[in-house]
Amino acid sequence: MEIVTRFAPSPTGYLHLGHAFSALTAWRQARAAGGRFLLRLEDIDPGRCRPAFAAAILEDLTWLGLDWDGVVRVQSAHLPEYRAVLDRLATRGLVYPCFCTRGDIAREVADSAAAPHGPDGSPLYPGTCRTLPDAVRAARLSAGAPHALRLDMARALATIREPLHYEEEGEGRVACDPARFGDAVLARKDAPASYHLCVTHDDAQQGVTLVTRGSDLRPATDLHRLLQALMGWKVPRYAHHALLTDAAGRRLAKRDQAATLRQMRAEGVTPAEIRARLSRAGPPSAAPV
Ligand code: GLU
């Protein structure tokens, strides 16, 4: 089977060494196997993404010596496809509109004795809008009330026949527990589709066979696996790599100017030096760079 890998950054800042590590790992996996390496810009969040960062990503990857196959997929150009997925889930009664503000949710959670928490430590949505009377829901929708779309987790899980799992490189079969996410948001009030929906749709649509990404996204794979099962999408293998850290042991982030490829380039660091440094940092351990 042909190996298809991808690098899927969000243009919310300049690429840093951690991104370069992820991109190089996926690129090498594809090139070593005579497969394809794809580039996708995950720019569905209009509040955080900037065209200038998108352009900088292409430039920095090219400078680093990476090439990709086919055209760059830009998520904001595919909104009707995500809408179609949401419509299919809605037709099956698996999503519902949620009109709650953050404040509403915080109040509701504060009032309940033991609110369960999701993988990121935040309280799970208490389900307020899941049980709205039909007439109230219809009235709010027809009044144009802003709303998100949430997955009805219990209903979604009830449609799944077999326990969910995925294959992790070097580890084997990993069991999934998507219920930990509760009624996850699949479309936000201010963004037409969520990261979870778009990333899973696009990996399937683009025929990605190996998803290489940082271990910070590993918990999300449980939810992605559920979406794949609901939509009948092919399931890729996964390779979650350890995150690079700075000398103080902190994980690199877009706000760390020092580690951006731009800054390093301005300081005279060469692509060959970065590539050599990142080969030494290779997975599975998070080595300081
Ligand atoms: N767009 C995501 C990010 O920049 C990565 C998505 C993925 O690799 O699954 O964090």
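Indexing begins at 1, ligand by ligand and atom by atom, following the structure's order.
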Requested in this report: Report yes or no: does F7 have a heavy atom closer than 4.0 Å to ligand 1?
Outcome: no
Query raised in the report: Got a sec: does the CG of D120 have more than 12 other heavy atoms crowding it under 6.0 Å?
Result: yes
Query raised in the report: Short N/O distance, under 3.5 Å, between A8 and ligand 1?
Result: yes
Query raised in the report: Against heavy atoms of S10, which atoms of ligand 1 measure under 4.0 Å?
Result: 1 (N), 2 (C), 3 (C), 4 (O)
Query - Location of contacts on L217 toward ligand 1, heavy atoms closer than 4.0 Å - result: side chain
Query raised in the report: Other than W233, which residues form its hydrophobic cluster under the rule that side-chain heavy atoms must be closer than 4.5 Å?
Result: I44, L79, Y82, V85, L86, L89, L94, V95, L149, L151, M153, L157, I160, L164, F181, L186, L197, L223, L226, L227, L230, M231
Report task. Report yes or no: does K234 contribute a side-chain atom to a donor-acceptor pair with the main-chain N or O of T209 at less than 3.5 Å? Result -> no
Query raised in the report: Which atoms of ligand 1 are found less than 4.0 Å from any heavy atom of V199?
Result: 9 (O)
Query raised in the report: Is it the side chain (CB and beyond), the backbone, both or neither of P9 that lies under 4.0 Å from ligand 1, heavy atoms counted?
Result: backbone
Query raised in the report: Residues two or more places apart in sequence or in another chain: which of them pass side-chain hydrogen bond (donor to acceptor under 3.5 Å, both in side chains) with D177?
Result: none
**Report entry** Which segment of R6 sits under 4.0 Å of ligand 1 when only heavy atoms are counted
**Finding:** side chain
Report summary line: From the list E167, E171, E168, E169, side chain to side chain contact (heavy atoms under 4.5 Å, CB included) partner of Y238 resolves to E168
Requested in this report: Please confirm whether E42 comes within less than 3.5 Å of ligand 1 when only nitrogen or oxygen atoms on both sides are compared.
Outcome: yes
**Report entry** Minimum side-chain heavy-atom gap L24-R275 below 4.5 Å
**Finding:** yes
